[in-house]
Amino acid sequence: MATPPTLPISSPQANPQSQPPIATPAFRAFLSRLSSSIRHGFSQRRPWSELIDRTAMARPDSLAEAYSRIRKNLSYFKVNYVTLLVLVLAFSLLSHPFSLLVLLCLLAAWIFLYLFRPSEQPLVILGRTFSDRETLGALVVLTIVVVFLTSVGSLLISALMIGVAIVCAHGAFRVPEDLFLDDQEPVNTGFLSFLGGAASTAAPAVAGRV
């Protein structure tokens with residue numbers, strides 16, 4: 001009895017178009033690291049009652065004393081001060097929805113088009129393929145235009161200046177004698193420590209393109 005012919009079986013090839021638009025594991029690791037670091041930073045904030053204690057307010061006698069107070073209060077209330085800056089910036093952006101939308105679109109462009117896009121997946125727009133260097137150059141130019149040549153940049157600068165002025169005024173008038181200051185506390189710990197960890201998570205995706 002003749003053996004029936006063996007039918008060729010073709011292994012299915014991965015469709016490059018079915019690849020996710022961004023590197024999902026790296027993006028999830030970045031968000032997880034960012035979220036855990038923010039929670040850790042918030043856990044180190046001081047009680048707000050200490051920040052707004054009116055009995056601890058007094059005018060400094062000299063600029064040197066004001067500078068010394070600001071340094072000590074920055075070391076003690078750093079998480080609270082960063083929260084105040086973020087609130088001032090958020091309020092300014094919410095009061096200008098167009099600027100907020102522009103910044104969100106710019107951030108999305110960086111994330112989806114460069115930072116977490118797989119390096120083996122080229123960027124194709126309107127039938128043209130863009131290299132990583134061309135994409136990076138376009139994003140840098142777009143960022144410069146948005147930040148420095150539109151009202152978005154002036155809004156961010158003015159909001160940051162207002163926030164810094166509030167922080168410096170409070171730091172100069174808040175008497176720090178009743179605060180427990182730990183001079184041995186590492187500089188990189190606190191609310192903004194996630195920058196280093198989050199950047200280390202995104203570094204492999206960026207380093208492969210440079």
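Within 6.0 Å of atom CE in M57, more than 12 heavy atoms from other residues, nucleotides or ligands are found, so the atom counts as buried in its surroundings. Counting non-hydrogen atoms of other residues, nucleotides and ligands closer than 6.0 Å to CG of L63 gives a total of 12 or fewer.
Residues I157 and V86 do not share a hydrophobic cluster, clusters being chains of Ile/Leu/Val/Met/Phe/Trp/Tyr side chains in contact below 4.5 Å. If you chain together hydrophobic residues whose side chains sit under 4.5 Å apart, L100 and L106 fall into the same group. Using a 4.5 Å cut-off between side-chain heavy atoms of Ile, Leu, Val, Met, Phe, Trp and Tyr, with links allowed through other members, Y67 and V167 fall into different hydrophobic clusters. Two different hydrophobic clusters hold L104 and V145 under the rule that ILVMFWY side chains link at heavy-atom gaps under 4.5 Å. Hydrophobic clustering places F98 together with V152 (ILVMFWY residues linked when any side-chain heavy atoms are closer than 4.5 Å, directly or through intermediates).
V175 approaches A58 most closely through the heavy-atom pair CG2-CB, 3.7 Å. Taking all atoms of both residues into account, the shortest heavy-atom contact from K72 to P176 is CD-CG, 3.8 Å. V88 and A159 make their closest contact through CG1-O, 3.5 Å (heavy atoms, listed as atom of the first residue, atom of the second, distance). Taking each heavy atom of L139 and A109 in turn, the nearest pair found is CD2-CB, 3.9 Å. Closest non-hydrogen pair, N73 versus G171, comes out as ND2-O, 2.8 Å.
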Item checked: Check against side chain to side chain contact (heavy atoms under 4.5 Å, CB included), L136 and W110 -> CA-CA 9 Å; L136 177 60; W110 274 100; 3.7 Å; yes

Check: How far apart are the C-alpha atoms of L84 and L51, what are their side-chain angles, what is the distance that settles it, and do they pass the side chain to side chain contact (heavy atoms under 4.5 Å, CB included) test?
Finding: CA-CA 11 Å; L84 286 176; L51 188 75; 4.2 Å; yes

Margin query: side chain to side chain contact (heavy atoms under 4.5 Å, CB included), that's the test. Do Y81 and V164 meet it? Break it down for me.
Written below: CA-CA 9 Å; Y81 285 157; V164 170; over 6 Å; no

Margin query: Assess the residue pair I162 and I166 against the criterion (side chain to side chain contact (heavy atoms under 4.5 Å, CB included)); give the C-alpha distance rounded to whole Å, side-chain angles, the decisive distance to 0.1 Å, and a yes or no.
Written below: CA-CA 6 Å; I162 293 174; I166 294 175; 4.1 Å; yes

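The shortest distance between side-chain heavy atoms of L103 and L107 does not fall below 4.5 Å. Side-chain contact check for T150 versus V102: every heavy-atom pair is 4.5 Å or farther apart. Residues L93 and L156 have side chains in contact (heavy-atom distance under 4.5 Å, counting atoms from C-beta outward).
Checked against T83 for a side-chain contact (heavy atoms from CB on, under 4.5 Å), the options L87, N80, L85 give a single hit: L87.
Under the 3.5 Å distance criterion, the side-chain polar atoms of R174 are matched with a main-chain donor or acceptor of E50. For the pair S95 (side chain) and S92 (backbone), a donor-acceptor distance under 3.5 Å is present.
Atom-to-atom distance recorded for L89:CG and L160:CG is 5.5 Å, nearest 0.5 angstrom.
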